[in-house]
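Working notes, beginning with the structure itself.
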Amino acid sequence: MSSRPSSRAAAVATEPAFSDELVARALLAAESEDIAPLIILNKCDLTDRLPAARERLATLSSLGYRVLELSARDHAEDLRPFLSGKTSVLVGQSGMGKSTLVNALIPEANAATREISLALDSGKHTTTHATLYHLDAKSDLIDSPGLQEFGLGHLDRHEIEHAFPEFREYLGQCRFRDCRHDREPGCALTAAVTGGAIDKNRFAVYRRIVG
Ligand SMILES: Nc1nc2c(ncn2[C@@H]2O[C@H](COP(=O)(O)OP(=O)(O)OP(=O)(O)O)[C@@H](O)[C@H]2O)c(=O)[nH]1
Ligand SMILES: [Mg+2]
Ligand SMILES: [Zn+2]
């Protein structure tokens, strides 16, 4: 096994539409494994779609997650510095352009790519298994199949709470030590949601994950 630091790039695109929850889950997984995440917003050449995609990522960028805007078609090189000296894995829904990015950075990769279905507003699950490509002597890049779900079953409730960076300052502040942040009185997290300090959509993602 390589002892190189790993990084995870969550790939989203201006089209097809991406799931906020899937992105959140990928970030939580990275966070819980101490993997530095990077959000790539691909297909920025589709300028009419760009403002809406940016807006959907605004909460995440305000939380400090780095968002790299690019176009795999003509600005893939912007990603290269982030991959240097690491093993990185590209994760994201089908059709976001992960394999296109790989081909742009490593022309001999020859990864299959396919146009998205406009009718379904989704990709066609072109990549079927993960493949590791050598970017240079000290950097590798893994292309992976489009995600439909991102399970976090390996994480317990405590780990999930801590993987939300904006929750951390409130953890341990609830009236009950074993608070589930649901309907308990004196819950510091739900109070922060009500007060607007924690984004209610992010909290809803948390609730869905811990069920
Ligand atoms: N306009 C535009 N289209 C892009 C860009 N990057 C990729 N595409 C197109 O998006 C479609 C899907 O790209 P893929 O690279 O196959 O997507 P993927 O994320 O690997 O999809 P799966 O393997 O199914 O997970 C292809 O038609 C690409 O040409 C981009 O920067 N701009
Ligand atoms: Mg692919
Ligand atoms: Zn609580």
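Reckoned from all heavy atoms, side chains included, excluding hydrogens, waters and symmetry mates. For this chain, numbers begin at 1 and follow the sequence in order.
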Give, for atom OG1 of Thr59 and atom CG of Asp20, the distance between the pair rounded to the nearest 0.5 Å.
8.0 Å

Closest heavy-atom pair and its distance - Ala11, Met96:
O-CG, 3.6 Å

Take the angle between the ring planes of Tyr206 and His181 and call it parallel below 30°, perpendicular above 60°, tilted in between.
tilted

Walk me through it: do Leu171 and Leu189 pass the test side chain to side chain contact (heavy atoms under 4.5 Å, CB included)?
CA-CA 7 Å; Leu171 299 173; Leu189 269 189; 4.2 Å; yes

Would you say the side chain of His154 lies within less than 4.5 Å of the side chain of Leu152, judging by non-hydrogen atoms?
yes

When clusters are formed from ILVMFWY side-chain contacts under 4.5 Å, directly or step by step, what else is grouped with Ile35?
none

Closer than 3.5 angstrom, by distance alone: can the side chain of Arg80 be matched with the main-chain N or O of Leu105 as a donor-acceptor pair?
yes

Quick one: do Val23 and Tyr65 end up in the same hydrophobic cluster if we chain Ile, Leu, Val, Met, Phe, Trp and Tyr together by side-chain heavy atoms under 4.5 Å apart?
yes

Pair Ser84-Lys138, side chain to side chain donor-acceptor pair (under 3.5 Å): steps then yes or no
CA-CA 7 Å; Ser84 179; Lys138 53 186 178 59; 3.0 Å; yes

Backbone N/O of Gln93 and side chain of Gln148: donor-acceptor pair under 3.5 Å
no

Nearest heavy atoms of Gly95 and Pro16, plus distance in Å:
O-CD, 3.5 Å

Show, in sequence, the C-alpha distance, side-chain angles and deciding distance for Arg56 and Phe18, and conclude whether the side chain to side chain contact (heavy atoms under 4.5 Å, CB included) test is met.
CA-CA 9 Å; Arg56 294 190 53 199; Phe18 61 87; 4.0 Å; yes

Considering only NZ, NE, NH1 and NH2 on the basic side and carboxylate oxygens on the acidic side, decide whether Glu184 and Arg180 come within less than 4.0 Å.
no

Worked check of side chain to side chain contact (heavy atoms under 4.5 Å, CB included) between Leu79 and Leu68:
CA-CA 8 Å; Leu79 179 60; Leu68 177 66; 3.9 Å; yes

Would you please test Leu41 and Cys44 for side chain to side chain contact (heavy atoms under 4.5 Å, CB included) and show each step?
CA-CA 7 Å; Leu41 174 57; Cys44 289; 4.0 Å; yes

Any chance you could measure Ile106, atom CD1, to Asp140, atom CG, to the nearest 0.5 Å?
8.5 Å

If you look at every heavy atom in Leu83 and Ser139, which pair is closest and at what distance?
O-CB, 3.4 Å

Gln173 versus Ala188, closest heavy-atom pair with distance
CB-CB, 3.6 Å

Would you call Arg168 and Glu31 a salt bridge, using N to O less than 4.0 angstrom?
yes

Are Val205 and Val193 in one and the same hydrophobic cluster, where Ile, Leu, Val, Met, Phe, Trp and Tyr link if side-chain heavy atoms are under 4.5 Å apart?
yes

Pairs touching residues 104-114 that satisfy salt bridge (charged side-chain N to carboxylate O under 4.0 Å, His left out), sequence neighbours left out
none

Using 0.5 Å steps for rounding, measure from the CG atom of Leu141 to the OG atom of Ser88.
6.0 Å

Answer with yes or no whether the side chains of Ser122 and Ser117 bring together a donor and an acceptor at under 3.5 Å.
no

Salt-bridged, Glu69 to Arg54, with N to O below 4.0 Å?
yes

Quick one: do Asp182 and Arg207 make a salt bridge, cutoff under 4.0 Å?
yes

Donor-acceptor pair, Glu159 side chain versus Asp156 backbone, under 3.5 Å?
yes

Using atom types as modelled and distance alone, determine if a side-chain donor or acceptor of Asn42 lies under 3.5 Å from a backbone N or O of Ala72.
yes

Same apolar cluster: Leu70 and Leu38, side chain cutoff 4.5 Å
yes

How many angstroms lie between CG in Leu147 and OG in Ser19, if you round to the nearest 0.5 Å?
10.0 Å

Run through Val89, Val102, Leu90, Val91 and flag the one making a side-chain contact (heavy atoms from CB on, under 4.5 Å) with Ile142.
Val89

Please answer: with hydrophobic residues joined when any side-chain heavy atoms are less than 4.5 Å apart, are Phe176 and Phe203 in the same cluster?
no

Side-chain contact, heavy-atom cut-off 4.5 Å: Glu33 with Arg8?
yes

So, does Lys98 use its side chain to make a donor-acceptor pair with the main chain of Gly92 at under 3.5 Å?
yes

Do Asp143 and Thr131 have side-chain N/O donor and acceptor atoms under 3.5 Å apart?
no

Taking Asp45 for its side chain and Ser71 for its backbone only, find out whether a donor-acceptor pair lies under 3.5 Å.
no

Do Ile160 and Leu27 sit in the same hydrophobic cluster, where Ile, Leu, Val, Met, Phe, Trp and Tyr count as joined when their side-chain heavy atoms come under 4.5 Å apart?
no

Indicate yes or no for a side-chain donor-acceptor contact from Ser61 to the backbone of Leu57 under 3.5 Å, with no hydrogens or angles considered.
yes

When you measure from the centre of the six-membered ring of Phe164, is the NZ or CZ of Arg202 closer than 6.0 Å and no more than 45° off the axis?
no

Looking at every non-hydrogen atom in both residues, tell me the closest pair between His125 and Ser94 and how far apart they are.
N-OG, 2.7 Å

Answer yes when Lys43 and Glu15 have at least one side-chain N-carboxylate O distance shorter than 4.0 Å, and no when they do not.
no

From Glu161 CD over to Leu28 CG, what is the distance, rounded to the nearest 0.5 angstrom?
11.5 Å

What distance separates Ile39 CD1 from Leu60 CG, expressed to the nearest 0.5 Å?
4.5 Å

Looking at every heavy atom in both Ala9 and Ile40, which two are closest together, and how far apart are they?
CB-CD1, 3.6 Å

Has the side chain of Thr127 got a donor or acceptor atom that lies under 3.5 Å from a matching backbone atom of His129?
no

Go through the steps for Glu115 and Lys124 under the test salt bridge (Lys or Arg N to Asp or Glu O under 4.0 Å), then give the verdict.
CA-CA 8 Å; Glu115 79 292 347; Lys124 292 179 177 167; 2.7 Å; yes

